[in-house]
Amino acid sequence: MTKYSIKPNRLLKHLLKIDIPFNHNTYCAGFELSAWRCDALADHLIEWIQDYALKEDELGVNHTNSYVKMKQAAARVYTSENYKRRGEGGEILLHAICRDFFETIPIAPRVFYLTSSNDVVKSFDMAHVRYLGEGKFELWLGEAKFYETGSEAVAAAIESVKTHIEQGFLKNEKLIMGPQISRDIEHHAEVRALFANETSIDDLISAAVFPICIACESPAAAKHKKLDDAYVEALKPELKALAEKLEQSGLRQKIRILLIYVPLGSKAALADAFDRKLKGLSA
C-alpha cells in the first residue's frame, strides 16, 4: 500500500456516462435542503489539497502534523499563479475525480512543474499515471477549465489542448517533466522513458489519455432542488453540447479524450467558498 492508497471519502456522484463518439461523463456534488451543495464541494476541494499539492514523501500525516501538512498544502495552492486567476478549483476537481474514480497516481504534483529559475511553467494541469495490470499503464495528461459558461470553458480547453499537443510544446514538456517524475511510482523507468528526448512524441501520445474537465454553471443545477431522474435528464443536453464542441474540434482524431463535466449551481459561490476556506488555512 502506498500513501496514494488513502483518499478522502467520496462526495461527487457519477451521474452520466456516454461512450460515443468518445467517453464523456458527468459528476455532481448533489443537493442538500433543496440547494446545490456549494459549501460541501468547497470542503471537498480542501480535503483534496494535500493529495494535490504535496509530493508522496510529504504525505505522511498523523495526529501530530495534520494541521501543519494542511497549511503547507494550502500555502502552495494559494501562492500559485493559477490560483490568482481563480482556476485552481478546476484543477483540484480534475485531480480528485481522476484519483477517486479512475485510480490514477500523480507523476509529480502540478505545483512542481518548475523551470530552473523556479518559475511556474505553462503545462498540462494534471500529469498522472493509470496502471492497467500486467505491466501496462496509461499517462493521463489533463486540462481543467473553471468558468461561468460551458461554451467559454470548452472553447478555452480546446485551444489549450491544441497548443499542448503541438510538437514544440510537447518537446519542452518532456524536458521539464521527465526529471521530476517520482522514482517511487511503479514502472518508473518505463514512464520516465516516454519523456526521454530520444522517444518519439508519437509514442508519448499513443500511451496517453487526455482528460478534459469542464466545471461551469449549469442551468439544470440552478433550476433543480434534488438529485433525481428529472435532474439527470436535464443534464444530458448540457453534456451533449460540450461533447459536440469537442468532436467538432477534430481533437479526437489525434488523441484519446475523456470529457469530465462538473455542473455547478454557481461558479462564483464555489470560488468564494473555496477562497474563504483556503485563506483560513493560509493565515
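Counting from 1, the numbers follow the sequence of the chain as shown. These numbers were taken from a predicted model, which means no experiment stands behind them.
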Practice item. Taking the side chain as every heavy atom from C-beta outward, state whether Tyr4 and Thr104 have any pair of such atoms under 4.5 Å apart. Key: no

Review point. Do Leu235 and Glu233 have side chains that get closer than 4.5 Å, going by heavy atoms?
Key: no

Point to revise | From CG (Leu227) to CD (Glu32), nearest 0.5 Å | key: 12.5 Å

Point to revise | Shortest non-hydrogen contact between Tyr231 and Pro263, atoms and distance | key: OH-CG, 3.7 Å

Exercise for review: Give a yes or no on whether the backbone of Met126 and the side-chain of His128 come within a donor-acceptor separation of less than 3.5 Å.
Suggested key: no

Practice item. Verify the neighbour count for atom CD1 of Ile20: are there more than 12 heavy atoms of other residues, nucleotides or ligands below 6.0 Å? Key: no

**Study point:** Inter-residue atom distance Leu12.CG - Phe101.CZ, 0.5 Å rounding
**Key:** 5.5 Å

Exercise for review: For Gly265 and Ala222, work out which heavy atoms get closest and say how close.
Suggested key: O-CB, 4.3 Å

**Study point:** Shortest non-hydrogen contact from Leu194 toward Asp203
**Key:** CD2-O, 4.0 Å

Check your understanding: Between Trp48 and His44, what is the ring plane arrangement, given parallel below 30°, perpendicular above 60°, and tilted in between?
Key -> perpendicular

Practice item. Would you confirm whether the ring centroid of Phe124 sits within less than 6.0 angstrom of the ring centroid of His164? Key: yes

Review point. For the atom pair CG (Leu259) and CZ (Phe210), what is the distance rounded to the nearest 0.5 Å?
Key: 15.0 Å

Check your understanding: Do Arg99 and Glu103 come close enough that some side-chain heavy atom pair is under 4.5 Å?
Key -> no

Exercise for review: Evaluate salt bridge (charged side-chain N to carboxylate O under 4.0 Å, His left out) for Arg256 paired with Glu138, printing each intermediate quantity in order.
Suggested key: CA-CA 11 Å; Arg256 285 187 288 168; Glu138 297 168 332; 3.2 Å; yes

**Study point:** Which atom of Cys213 lies closest to which atom of Gly90, heavy atoms considered
**Key:** SG-O, 4.3 Å

Practice item. Verify the cluster assignment for Tyr147 and Leu239: are they in a single hydrophobic cluster under the rule of side-chain heavy atoms below 4.5 Å apart? Key: no

Practice item. May I have the step-by-step check of side chain to side chain contact (heavy atoms under 4.5 Å, CB included) for Leu251 and Ile165, ending in yes or no? Key: CA-CA 10 Å; Leu251 285 172; Ile165 62 174; 3.9 Å; yes

Exercise for review: Quick one: do Ile212 and Ile257 satisfy side chain to side chain contact (heavy atoms under 4.5 Å, CB included)? Show the steps, please.
Suggested key: CA-CA 7 Å; Ile212 298 173; Ile257 295 174; 4.1 Å; yes

**Study point:** ring pair (Phe, Tyr, Trp, His ring centres under 6.0 Å) evaluation trace for Phe102 with Trp140
**Key:** CA-CA 10 Å; Phe102 296 96; Trp140 279 44; 5.1 Å; yes

Review point. Do side-chain atoms of Thr199 reach the backbone of Ala193 as a donor and acceptor pair under 3.5 angstrom?
Key: yes

Check your understanding: Does the side chain of Lys225 reach to within under 4.5 Å of the side chain of Leu33, using non-hydrogen atoms?
Key -> no

**Study point:** Asn9 CG: over 12 foreign heavy atoms closer than 6.0 Å
**Key:** no

Practice item. Might you confirm whether atom CG of Asp228 has over 12 heavy atoms from other residues, nucleotides or ligands at distances under 6.0 Å? Key: yes

Study note, to complete from the structure: Smallest heavy-atom separation, Ser218 atom then Glu238 atom, equals OG-OE1, 2.8 Å

Exercise for review: Supply the atom-to-atom distance Leu59 CG to Ser5 OG, rounded to the nearest 0.5 angstrom.
Suggested key: 11.0 Å

Exercise for review: Before giving the answer on side chain to side chain donor-acceptor pair (under 3.5 Å), spell out for Glu91 and Tyr52 the whole-Å C-alpha distance, their side-chain angles and the decisive distance to 0.1 Å.
Suggested key: CA-CA 9 Å; Glu91 289 189 13; Tyr52 166 80; 2.6 Å; yes

Exercise for review: Would you sort out whether Ile92 and Ile46 count as a side chain to side chain contact (heavy atoms under 4.5 Å, CB included), showing the intermediate values?
Suggested key: CA-CA 9 Å; Ile92 298 172; Ile46 293 295; over 6 Å; no

Point to revise | Derivation and outcome, salt bridge (charged side-chain N to carboxylate O under 4.0 Å, His left out), residues Lys162 and Glu143 | key: CA-CA 11 Å; Lys162 283 185 174 180; Glu143 185 70 24; over 6 Å; no

Exercise for review: Show the numbers, then the answer: is there a side chain to side chain contact (heavy atoms under 4.5 Å, CB included) between Ile260 and Leu93?
Suggested key: CA-CA 10 Å; Ile260 295 170; Leu93 274 171; over 6 Å; no

**Study point:** Leu204 side chain reached by Ser200 side chain, heavy atoms, under 4.5 Å
**Key:** no

**Study point:** Validation row: Ile18, Thr26 side chains within 4.5 angstrom (heavy atoms)
**Key:** no

Check your understanding: Should Ile185 and Tyr131 count as side-chain neighbours, where that means a heavy-atom distance under 4.5 Å?
Key -> yes

Kindly list each side-chain donor-acceptor pair under 3.5 angstrom involving residues 240-248, sequence neighbours excluded, with atom names and distances?
from, atom 1, to, atom 2, distance (Å)
Glu247, OE1, Arg252, NE, 2.7
Glu247, OE2, Arg252, NE, 3.4
Glu247, OE2, Arg252, NH2, 2.8

Study note, to complete from the structure: Sequence neighbours excluded, the answer for side-chain contact (heavy atoms from CB on, under 4.5 Å) partners of Glu148 is Glu217, Lys267

Check your understanding: Does Lys13 reach the main-chain N or O of Tyr27 with its side chain, forming a donor-acceptor pair under 3.5 Å?
Key -> no

Review point. If you take all heavy atoms of Val209 and Pro211, which pair is closest and at what distance?
Key: O-CD, 3.2 Å

Practice item. Show the numbers, then the answer: is there a salt bridge (charged side-chain N to carboxylate O under 4.0 Å, His left out) between Asp275 and Lys279? Key: CA-CA 6 Å; Asp275 183 62; Lys279 281 181 177 176; 3.3 Å; yes

Check your understanding: Tell me, do Asp39 and Arg276 make a side-chain contact under 4.5 Å, heavy atoms counted?
Key -> yes

Exercise for review: Give the C-alpha distance, both sets of side-chain angles, the deciding distance and a yes or no for salt bridge (charged side-chain N to carboxylate O under 4.0 Å, His left out) between Asp51 and Lys7.
Suggested key: CA-CA 8 Å; Asp51 194 272; Lys7 296 177 286 189; over 6 Å; no

Practice item. Would you give the length of the straight line joining atom CD1 of Ile205 to atom CG of Leu139, rounded to the nearest 0.5 angstrom? Key: 11.0 Å

Practice item. Rounded to the nearest 0.5 Å, what's the gap from CZ on Arg37 to CG on Leu11? Could you check? Key: 5.0 Å

Check your understanding: Is Glu159 reaching over with its side chain to a backbone N or O of Ala156, donor-acceptor style, under 3.5 angstrom?
Key -> no

